[in-house]
Amino acid sequence: MTATLALGVWTFDSKLSLSGDNAEFIVLARSLAQGEGLSYIHSPEPGPATKYPFGFPLLLAPLAWAFPDDWVPMKALVLALFALGMGMLYQLARERVGVWPALAVVALSLMAGRSYLTHDAAGMAFGPMLLHFSHQVMSEVPYLTFSLLALWLVDRGVGRDGLRGNGWLLGGLGCTIWACFIRTAGIALAAAVASHLLLRRDFRRCLLFVGATLVCWLPWTLRNQAVGSGGVYLKQLLMVNPYRPEQGWLDLPGFLERFIGQVDRYLRGWPEVLVPSLSGTDSILHPGPLLLIVLASAATVLCIRRGEHLLLLYTAFYMGMLLLWSWPGERFLVPVVPVVVLLGVWTVLQVRDRLAAMGRAAHHAGRLAAWGCLAAWLIAHAGGVGRLADYAGHGYPANWLRYYEAGKWIEANTPEEAVVLCRKGFWMHVVSGRRVVGFPFEEPGAVLAHMEREGVDFVVVERLGYRQTDDYLVPAIYEYRDRFQVVWYDDAVPTGVLRFLPATP
């Protein structure tokens, strides 16, 4: 934990992370801190939030209350939870593979993956995925910590009889439910725990756990139905493309096509996640995906034979959920990478033990080869940690810097009640402190009518790379150019703030 924390402090990035989800969690935490419930207070007419569970914003709320205008303490909390999570991973691994292999599991997890950092004249730069997310105000790392804690506690407690007095199992079941309230993906963890109990023919405790989970989740579900239209994620899951709702809903062949496509993407992408040097895989017939398939098959067979169901079930449920999701993403893999690494190391050690039966020479050769490969791998990819630290020491990428400066200009030069229309609303609200609205992805007349209806005062035109700005916002500005006045502009990366003028009689 201490070493992980030191590494995290070295690579800690105090900038507001570029993902809009970071800013959305900050907004929700501030809403709770201000006593307004889980609401979108960035909007001119705040409404209840139903997309994310309340767990992570609730963890952030005390910091939002104590440091109302600062997101850095929230990032520090995530880093502290990450260090705790790596401690939980070590405990979980140590009881399966021993002390030194457990340390290797933690080291491999810290170095695994390739997170895109920036793009400049030198080309793309990447850093280790888990370390990159270790200071972002996102739910992946807190969920990672509590899911690993739940797995460790359940694994320890399930062999003890009963529930009363069985603090290990009670704590594990409680952490499982809490993980669901941090991230909806926790349903995979709950399903794994319930299935593990079923496979052990522990029907009574399985029913009690499932019942307790449903009872705890029901008030949240009823609240979302009462104040909104239910869960957002279920609707996104059923859509052809959540970013293009006009394309409608998926049918069964559509789900099958998505599933096959995601299998192909993840099979080509997973080798790079686990071993960053295995990049540029164009086919599942590449050695990287083939090696992954062999390792996954061996892990499955060995886990079933040895009764190691819990981690295998969790990985299967979690990955199955990702294969049905609308789009792939590296951040979705953050919570499961350490478990996959642990299963991989455990499988390699099982194979090594079988080779050891062939003689002492084979045993020592296998052991030397394993540790030699680990050392070479860590040395080869240590540069990624340096790139993370270097990225943390620099400012925002050029296009985001202009967007940040636009927000700061708005904060200093507009009234507090001003309404701003922009593409990345949560981010702009956190930076500028102004209420914000988005724009519809429709023709110019509909965009203009939306501005008038929402009482927009200022518009931000950016170059963040989202094509909706050029497809929908810019055409509306050009068609109704007499309704806009440029009040701030930076031509280094064309970014501007425009005043939205009232219609002339």
Side-chain angles (χ1 to χ4, degrees), residues 1-2 53-56 58-59 62 77 80-99 101-102 105-106 139 141-222 303-318 335-336 338-339 342-343 346:
M1 280 179 57
T2 303
F54 61 84
F56 185 40
L58 189 61
L59 289 174
L77 173 64
L81 288 172
F82 178 69
L84 179 62
M86 290 300 99
M88 291 301 101
L89 175 63
Y90 171 76
Q91 293 293 336
L92 188 64
R94 188 186 64 171
E95 297 181 6
R96 280 173 168 76
V97 297
V99 173
V105 168
V106 174
S139 62
V141 164
Y143 170 75
L144 165 69
T145 297
F146 283 99
S147 63
L148 290 174
L149 177 58
L151 290 169
W152 179 56
L153 292 173
V154 168
D155 191 50
R156 279 198 154 203
V158 75
R160 295 170 169 82
D161 294 333
L163 277 174
R164 185 176 299 176
N166 190 345
W168 295 104
L169 187 57
L170 283 173
L173 300 182
C175 285
T176 300
I177 295 172
W178 177 243
C180 293
F181 284 130
I182 291 178
R183 189 166 175 79
T184 308
I187 189 174
L189 177 63
V193 171
S195 300
H196 183 55
L197 291 171
L198 277 178
L199 287 174
R200 294 176 58 89
R201 299 183 178 276
D202 198 340
F203 302 118
R204 187 178 73 87
R205 292 195 296 189
C206 178
L207 286 174
L208 287 172
F209 168 65
V210 172
T213 302
L214 293 176
V215 168
C216 291
W217 192 257
L218 184 61
W220 174 249
T221 302
L222 294 176
C303 284
I304 292 174
R305 284 184 177 180
R306 294 181 176 272
E308 289 281 351
H309 300 128
L310 183 57
L311 299 186
L312 180 65
L313 285 167
Y314 175 55
T315 304
F317 279 121
Y318 192 93
V336 77
V339 179
L342 172 54
L343 284 173
W346 179 80

Shortest non-hydrogen separation from P338 to M86 and the atoms involved: CG-CE, 4.4 Å
- request: Mind checking the CG-OG1 spacing from L149 to T176? Nearest 0.5 Å is all I need.
  value: 9.0 Å
task: Could you check F146, W217, F56 and say which one makes a ring pair (Phe, Tyr, Trp, His ring centres under 6.0 Å) with F181?
output: W217
- prompt: So, for L77 and L59, which heavy atoms are closest and what is the spacing to 0.1 Å?
  reply: CD2-O, 3.7 Å
- prompt: Within a strict 4.5 Å, meaning less than it, do heavy atoms of the L163 and L173 side chains meet?
  reply: yes
- prompt: Under 6.0 Å from the CD1 atom of I187, do we count more than 12 heavy atoms belonging to anything else shown?
  reply: no
message: Over 60° means perpendicular and under 30° means parallel, so tell me whether W152 and W168 are parallel, tilted or perpendicular.
response: perpendicular
- prompt: Which of parallel (below 30°), tilted (30 to 60°) and perpendicular (above 60°) describes Y314 and Y143?
  reply: tilted
- line: Between the CZ atom in R183 and the CH2 atom in W178, the distance rounded to the nearest 0.5 Å is 15.0 Å
- prompt: How long is the gap from OG1 on T213 to CG on L189, to the nearest 0.5 Å?
  reply: 9.5 Å
query: Of the non-hydrogen atoms in C180 and G186, which two are nearest, and what is the gap between them?
result: SG-O, 3.3 Å
- prompt: Does any N or O in the side chain of R205 come within less than 3.5 Å of the main-chain N or O of V158, such that one atom is a donor and the other an acceptor?
  reply: yes
- prompt: Any side-chain heavy-atom pair from D155 and R96 closer than 4.5 angstrom?
  reply: yes
Closest non-hydrogen atom pair between L311 and L92, with its separation: CD2-CD2, 4.0 Å
message: Once rounded to the nearest 0.5 Å, what's the spacing between atom CG of L148 and atom CG of L342?
response: 9.0 Å
query: For the residue pair C303 and L312, what are the closest heavy atoms and their distance?
result: CB-CD2, 3.7 Å
- line: Here the pair of heavy atoms bringing C206 nearest to L198 is SG-CG, 3.7 Å
